[in-house]
Amino acid sequence: MRLTFRGKVVAIRSGALVPVLVMLPNIAWMLLPKADEGDATAVPFILTAVENVSRAVALTLPFFYSIERNRRCSMPVMIGMALALAVYYACWIRYFLGGSSPELLAAPFLGIPLPMAVAPAVFLVLSSYLMGSRMFTASALFGVAHVWSSNTRL
């Protein structure tokens with residue numbers, strides 16, 4: 001995407017939309033009050049480290065790429081991304097409207113186990129195809145680590 005600013009053409013990387021869309025509900029979660037979280041379950045350090053590093057890479061790389069809508073199979077991939085994002089947002093809405101109960105973070109949705117861990121991972125993996133980027137590995141690694149650590153916290 002190109003915009004003109006004071007007579008100069010400025011390119012905007014459309015890939016930046018990917019981390020923004022994934023992080024919007026997380027920002028609301030950080031700002032809004034939470035219900036009592038109860039006892040925290042210990043997650044192995046290595047799992048937490050892999051999850052956090054792969055999350056940082058998967059959410060940073062899209063800023064350097066553009067979404068290529070002309071790739072082969074791009075329409076089914078974009079539909080998959082939209083569905084994953086819709087599930088993710090629906091789960092966040094359920095969480096906020098349900099009194100921010102910690103149980104809702106891991107509750108199945110439409111038969112999907114751990115949807116708040118699975119949906120963003122699917123969204124990131126699919127978006128890596130549209131960007132033709134090297135973020136597939138980071139996205140897949142994040143997905144595995146995020147689902148695994150979310151399951152460990154149950």
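For A58 against A138, the heavy-atom pair with the smallest separation is N-CB, 4.1 Å.
No side-chain heavy atom of S150 sits under 4.5 Å from any side-chain heavy atom of M116. Side chains of V18 and L61 form no contact here, defined as non-hydrogen atoms less than 4.5 Å apart. In this structure, the side chains of M131 and F136 stay at 4.5 Å or more apart for every pair of heavy atoms.
Taking OG of S101 as the reference point, atom OH of Y95 lies at 8.0 Å (rounded to 0.5 Å). Rounded to the nearest 0.5 angstrom, I79 CD1 and S74 OG are separated by 9.5 Å.
Put simply, Y88 and L97 are part of two different groups of oily side chains (I, L, V, M, F, W, Y) that touch within less than 4.5 Å, one to the next. Under the 4.5 Å side-chain heavy-atom criterion for grouping Ile, Leu, Val, Met, Phe, Trp and Tyr, V144 is not connected to I46 through any hydrophobic cluster. When hydrophobic clusters are built by joining Ile, Leu, Val, Met, Phe, Trp and Tyr residues whose side-chain heavy atoms come closer than 4.5 Å, directly or via intermediates, L21 is grouped together with V87.
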Practice task
Step by step, work out the side chain to side chain contact (heavy atoms under 4.5 Å, CB included) result for F96 and L104.
Solution key: CA-CA 9 Å; F96 290 127; L104 291 175; over 6 Å; no
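In this pair, F142 and H146 present their aromatic rings parallel. The plane angle is below 30°, not in the 30 to 60° band.
Looking at T60, its side chain never comes within 3.5 Å of a backbone N or O of V57 through a donor-acceptor pair.
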